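Values in this document were obtained by computation on a predicted structure and should not be read as measured data.
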Amino acid sequence: MKAIKTVDQFNDIIASEEPVIIKFYADWCPDCKRMDMFIGDILEKYNKYDWYQVNSDEVEGLAEKYEVMGIPSLLIFQNGEKQAHRHSAYTKTPDDVEEFLQQELG
């Protein structure tokens with residue numbers, strides 16, 4: 001998963017014509033660390049998509065703009081628009097994350 005470090009970089013990435021998946025996280029977040037333990041297998045399964053991560057504490061303003069109220073959250077963007085959002089309460093298990101990706105990406 002590639003790191004996004006600036007708002008400009010984020011805007012360039014989400015402008016993609018193909019769907020991109022972005023994880024919002026923070027270093028202090030225990031649920032984010034839990035997700036890191038299982039996300040590798042999901043990345044392999046959905047490897048035709050580009051995956052990125054944004055540290056909500058380091059790149060300010062994005063979490064608020066895209067209504068990320070809890071972390072980790074997964075958002076799917078395409079052509080600069082948010083297509084889907086899986087809030088933190090529903091990203092606690094691999095099954096939760098896979099269900100979301102299956103629904104949104106097929």
Straight-line distance of [X] [atom1] to [Y] [atom2], nearest 0.5 Å:
X	Y	atom1	atom2	result
E104	R86	CD	CZ	8.5 Å
L101	I76	CG	CD1	5.5 Å
Y52	K2	OH	NZ	4.0 Å
K82	K65	NZ	NZ	11.5 Å
I22	S73	CD1	OG	12.0 Å
S16	D50	OG	CG	6.5 Å

Got a sec, which residues hit side chain to side chain donor-acceptor pair (under 3.5 Å) with [X], two or more places apart in sequence or on another chain?
X	result
D57	W28
D36	K23
K33	none

Between side-chain atoms of residues 37-49 and protein atoms elsewhere (two or more places apart, or another chain), which donor-acceptor pairs fall under 3.5 Å?
| residue | atom | partner | partner atom | Å |
| --- | --- | --- | --- | --- |
| K45 | NZ | E98 | OE1 | 2.8 |
| Y46 | OH | Q102 | OE1 | 3.3 |
| N47 | ND2 | E44 | O | 3.4 |

What's the shortest heavy-atom distance between [X] and [Y], and which atoms?
X	Y	value
I14	V20	CA-CG2, 4.2 Å
S56	A63	OG-CB, 4.2 Å
A26	N55	CA-OD1, 4.0 Å
R34	K92	CD-O, 4.3 Å

Same apolar cluster (I L V M F W Y, side chains within < 4.5 Å links), L105/W51 | yes

With hydrophobic residues grouped by side-chain heavy-atom distances under 4.5 Å, do Y90 and V97 end up in a single group?
-> no

Can you check side chain to side chain contact (heavy atoms under 4.5 Å, CB included) on T91 and M35, steps first, answer last?
-> CA-CA 8 Å; T91 60; M35 178 188 271; 3.5 Å; yes

List the steps and the verdict of side chain to side chain contact (heavy atoms under 4.5 Å, CB included) for K5 and E58.
-> CA-CA 7 Å; K5 298 290 187 184; E58 291 177 4; 3.7 Å; yes

Apply side chain to side chain contact (heavy atoms under 4.5 Å, CB included) to the pair D31 and I71, showing each step before the final yes or no.
-> CA-CA 7 Å; D31 287 339; I71 51 175; over 6 Å; no

With sequence neighbours excluded, residues passing ring pair (Phe, Tyr, Trp, His ring centres under 6.0 Å) with F100 | none

Going by heavy atoms in the side chains, are [X] and [Y] under 4.5 Å from each other?
X	Y	value
L75	V68	yes
V59	V7	yes
Q53	I4	no

Exceeds 12 heavy-atom contacts within 6.0 angstrom, atom CD of Q103 = yes

Provide the full list of ring pair (Phe, Tyr, Trp, His ring centres under 6.0 Å) pairs with a residue in residues 65-89, sequence neighbours left out, each pair given once.
-> F10-Y66, F10-F77, Y66-F77, H85-H87

